Amino acid sequence: MADSSTTADLGKGKRITGGDRSSLADDLRKRYDGGESIRSLATSTNRSYGFVHRLLSESGATLRSRGGANRNSKKA
């Protein structure tokens, strides 16, 4: 699923600005909208969870709520 040409040249910790940042944001948004999690996107791009979350927010993506079971709800 990952487009290696987009993420291959972006080294870990390297500052991403301008066109590189917007193309990465577009790529991550498409993948996120396709169902990938922020955590898996962060791992595949060697970026932090917070960086990916911020980039998705800046790109206008509608972020999903957290998943998993709700401990406090009791089934009838």
Side-chain angles (χ1 to χ4, degrees):
M1 258 198 234
D3 180 11
S4 59
S5 64
T6 304
T7 58
D9 345 341
L10 307 171
K12 183 174 183 172
K14 181 181 174 191
R15 185 175 296 269
I16 301 174
T17 58
D20 286 342
R21 187 177 180 97
S22 60
S23 65
L24 178 61
D26 291 342
D27 179 45
L28 292 179
R29 183 175 179 180
K30 286 177 193 165
R31 291 170 57 190
Y32 182 76
D33 288 343
E36 280 193 65
S37 68
I38 295 177
R39 206 163 294 285
S40 70
L41 292 172
T43 301
S44 69
T45 57
N46 288 327
R47 292 285 161 176
S48 70
Y49 178 96
F51 175 83
V52 173
H53 185 278
R54 188 177 333 106
L55 208 56
L56 288 171
S57 296
E58 289 173 5
S59 73
T62 302
L63 299 176
R64 298 185 292 269
S65 62
R66 292 177 55 153
N70 185 348
R71 282 186 214 159
N72 297 329
S73 71
K74 296 182 181 177
K75 293 186 178 180

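Just so it is clear, the model here is predicted, and its values are computed rather than measured. Quick note: numbers below take in every heavy atom, side chains included, and nothing from hydrogens, waters or symmetry partners.
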J.: Kindly say whether Gly19 contributes a backbone atom to a donor-acceptor pair with the side chain of Ser23 at under 3.5 angstrom?
T.: yes
J.: Roughly how far apart are Ile16 CD1 and Leu55 CG, rounded to 0.5 Å?
T.: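 The distance works out to 7.5 Å.
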J.: What residues, two or more places apart in sequence or in another chain, satisfy side-chain contact (heavy atoms from CB on, under 4.5 Å) together with Ala61?
T.: Arg29, Leu56, Ser59
J.: Restricting to side-chain contact (heavy atoms from CB on, under 4.5 Å), what partner residues turn up for Arg64, sequence neighbours left out?
T.: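 Per chain and number, Arg64 pairs via side-chain contact (heavy atoms from CB on, under 4.5 Å) with Tyr32.
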J.: State, with a plain yes or no, whether a side-chain heavy atom of Val52 is found less than 4.5 Å away from one of Arg39.
T.: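 In short, these two side chains do not touch, never coming nearer than 4.5 Å.
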J.: Could you tell me the separation between the OG atom of Ser44 and the CZ atom of Arg31, rounded to the nearest 0.5 Å?
T.: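 Those atoms lie 3.5 Å apart.
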J.: Looking only at side-chain N and O atoms, does Ser40 offer a donor or acceptor that is under 3.5 Å from a partner on Thr43?
T.: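 Short answer, no.
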J.: Rounded to the nearest 0.5 Å, how far apart are CD1 of Ile38 and OG of Ser48?
T.: 11.0 Å
J.: Can you tell me how far CG of Asp27 sits from OG1 of Thr45, rounded to the nearest 0.5 angstrom?
T.: 9.0 Å
J.: Out of curiosity, Leu24 CG to Asp20 CG, how far, rounded to the nearest 0.5 Å?
T.: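 CG of Asp20 is found 8.5 Å from CG of Leu24.
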J.: Got a second to check how far Leu41's CG is from Phe51's CZ, nearest 0.5 Å?
T.: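 Between atom CG of Leu41 and atom CZ of Phe51 there are 11.5 Å.
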J.: Can you list everything that forms a salt bridge (Lys or Arg N to Asp or Glu O under 4.0 Å) with Arg54? Sequence neighbours excluded, please.
T.: none
